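What follows is a short report on a single structure.
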Amino acid sequence: MSAGASPDERGPLRAVPTFHPAAAGVRTAPVGTRERPLPLIIDSDPGLDDALAIGLACASPEVRLLAVTTVGGNADVAHCTENALRLLHAYGRDDVPVAEGAPGALLGDVVRATEVHGVSGVGDTHLPTAPTAPRPEGAVALMARLLAESPEPVAIAPIGPLTNIALLLRAHPRLAARIAHLCLMGGSIGEGNTTAAAEFNILADPEAADVVFRSGVPITMVGLDVTHQALLDRSSARALRELGTASGRIAAELADYALDRALERSGTATMAVHDAVAVAHLIVPDLVAVAPYHVAVETGHGPARGRTVCDGLPHRLRRLGLVPNADVGIVIDRGRFERLLLDAYARLP
Ligand code: RIB
Ligand code: CA
């Protein structure tokens, strides 16, 4: 369509991002198998998509879920903790300990996403009460104990703000070597979702994210570039409901609530299951294609606060004396991802 056409004739304009092609990389994240399940801690702010990520982990023999720790993010941390307990109960996993972590960021204002997830963090869904309670030691102490006690290094999937992870690294620097990998949902090579510059989990605590990306711990950054391809729609919610299970009904309700918000806020008919991509990457070796980038976090207080500045261009990295510090997710097969999720929920009670 020529530039001379009228706006009505042109239709919506989509700015073409100036992404520079990063060389496809070999994944550095470990992947679990049925024979050798990957020990995993999920740090989360449940959260609609967090709930689906936790369900995927509970249903996957490729991971051994050691704990779910909570952080304030989508909702206040008390809601997130109660949601984690109740989700694990619904999924038949009262055996997985829950411990509450930071209510808010290391510095800066509290950032919430209740307009997306509801004040409760799980929309309008009523989750049955869990018989369990959070561990009194708290998130950082529980993570530290599990890392120290595990016979092998433990993978951590942070799928909320990175406050707990930064506190863990600062309080227990010697345990960094016991972290097999941080497969985190957060950031974006391109635009943000909460501001034009920043994705929610990073914006909610940029200083914590800066500590994590500078830590030297192996990282996969599952950002919006790939999670915006990991979509469910109304037919997905219907398929979850048709499983005829309590877990399937819960997932369908959460998905429908997210789909309603997406339609209201941006007129789209799909929901991105951001957090489940971080878990899926640790379960399926070839689902997410990644590329090596140097990722830096903007911690200033201007309009770019919370931006993940991702550089994958070899000549620029050389000129700036930078080396990649993360694999960044680039591509995912939407159909395979949806089937992985539906098959997992078919295994839940
Ligand atoms: O930007 C998406 C992230 O923010 C996801 O983790 C979602 O749960 C919200 O916390
Ligand atoms: Ca989350």
Side-chain angles (χ1 to χ4, degrees), residues 41-57 68-77 79-81 83-84 87 98 100-105 110-123 125 139 156-165 182-206 208-209 212 220-232 251 254-255 257-259 261-262 265-266 268 270-281 297 305-308 328-329 332 337 341:
I41 295 169
I42 293 179
D43 189 64
S44 175
D45 58 338
L48 301 173
D49 55 327
D50 303 69
L52 299 179
I54 293 167
L56 175 60
V68 174
T69 52
T70 62
V71 60
N74 288 322
D76 289 348
V77 71
H79 284 304
C80 294
T81 304
N83 293 339
L87 286 164
V98 171
E100 183 165 297
V110 171
V111 180
R112 291 281 175 264
T114 48
E115 73 283 359
V116 174
H117 297 261
V119 172
S120 71
V122 286
T125 293
I156 301 178
I159 55 177
L162 291 163
T163 316
N164 291 340
I165 310 304
L182 290 174
C183 192
L184 64 92
M185 193 281 137
S188 175
I189 302 169
E191 288 186 25
N193 55 4
T194 307
T195 67
E199 177 277 329
F200 176 82
N201 287 338
I202 308 300
L203 181 66
D205 197 340
V212 171
T220 295
M221 182 185 110
V222 176
L224 299 178
D225 321 282
V226 67
T227 66
H228 280 175
Q229 303 167 49
L231 302 173
L232 297 184
L254 299 175
Y257 186 92
L259 288 162
R261 298 294 79 69
R265 291 158 50 85
S266 46
T268 54
T270 55
M271 67 163 290
V273 197
H274 305 281
D275 294 336
V277 180
V279 173
H281 188 54
V297 180
R305 179 169 173 79
R307 177 168 175 70
T308 47
V328 174
I332 188 170
F337 172 75
L341 217 49

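In each ligand, atom 1 is the first atom listed, and ligand 1 is the first ligand listed. These figures come from a predicted structure and were not determined experimentally.
- Within the listing of ligand 1, atoms 1 (O), 4 (O), 9 (C), 10 (O) sit less than 4.0 angstrom from a heavy atom of Phe200.
- Heavy-atom minimum distance, Gly190 versus Arg307: O-NH1, 3.1 Å.
- Closest non-hydrogen pair, Val116 versus Tyr257, comes out as O-CE2, 3.4 Å.
- Heavy atoms of other residues, nucleotides or ligands lying less than 6.0 angstrom from CD of Glu191 number 12 at most.
- For ligand 1, the atoms lying closer than 4.0 Å to a non-hydrogen atom of His274 are 2 (C).
- Within the 4.0 Å heavy-atom criterion, neither part of Thr194 lies near ligand 1.
- For atom 10 (O) of ligand 1, the closest heavy atom belonging to the protein is Asn74 OD1, 2.8 Å.
- Among all non-hydrogen protein atoms, the one lying nearest atom 8 (O) of ligand 1 is Asp49 OD1, 2.6 Å.
- By the side chain to side chain donor-acceptor pair (under 3.5 Å) test, Thr125 pairs with Glu253, sequence neighbours left out.
- Between Cys80 and Val71 there is no side-chain heavy-atom pair separated by less than 4.5 Å.
- Annotation for Val122 and Gly47: closest pair CG1-N, 4.4 Å, computed over non-hydrogen atoms.
- Only the side chain of Asp275 comes within contact range of ligand 1, with a heavy atom under 4.0 Å; no backbone atom does.
- For Thr227, no heavy-atom contact with ligand 1 is shorter than 4.0 Å.
- The side chain of Asp45, and not its backbone, has at least one atom closer than 4.0 Å to an atom of ligand 1 (non-hydrogen atoms only; side chain from C-beta on).
- Proximity to Asp50 (heavy-atom distance under 4.0 Å) selects the following atoms of ligand 1: 8 (O).
- Given atom 3 (C) of ligand 1, the protein heavy atom at minimum distance is Glu199 OE2, 3.3 Å.
- Between Met185 and ligand 1, no N or O atom pair is found at a separation short of 3.5 Å.
- A donor-acceptor pair shorter than 3.5 Å can be found between the side chains of Asp205 and Thr163.
- No side-chain heavy atom of Glu199 sits under 4.5 Å from any side-chain heavy atom of His274.
- Proximity of a side-chain donor or acceptor of Asp275 to a complementary backbone N or O of Leu52 within less than 3.5 Å is not detected.
- The Ca ion (ligand 2) has Asp45 OD1, Asp50 OD1, Asp50 OD2, Ile159 O, Asp275 OD2 as its protein N, O or S neighbours under 3.0 Å.
- Ala272 and Asp49 make their closest contact through O-CB, 4.4 Å (heavy atoms, listed as atom of the first residue, atom of the second, distance).
- Shown here for Ser44 and Val68, the closest heavy-atom pair between the two residues is CB-CG1, 4.5 Å.
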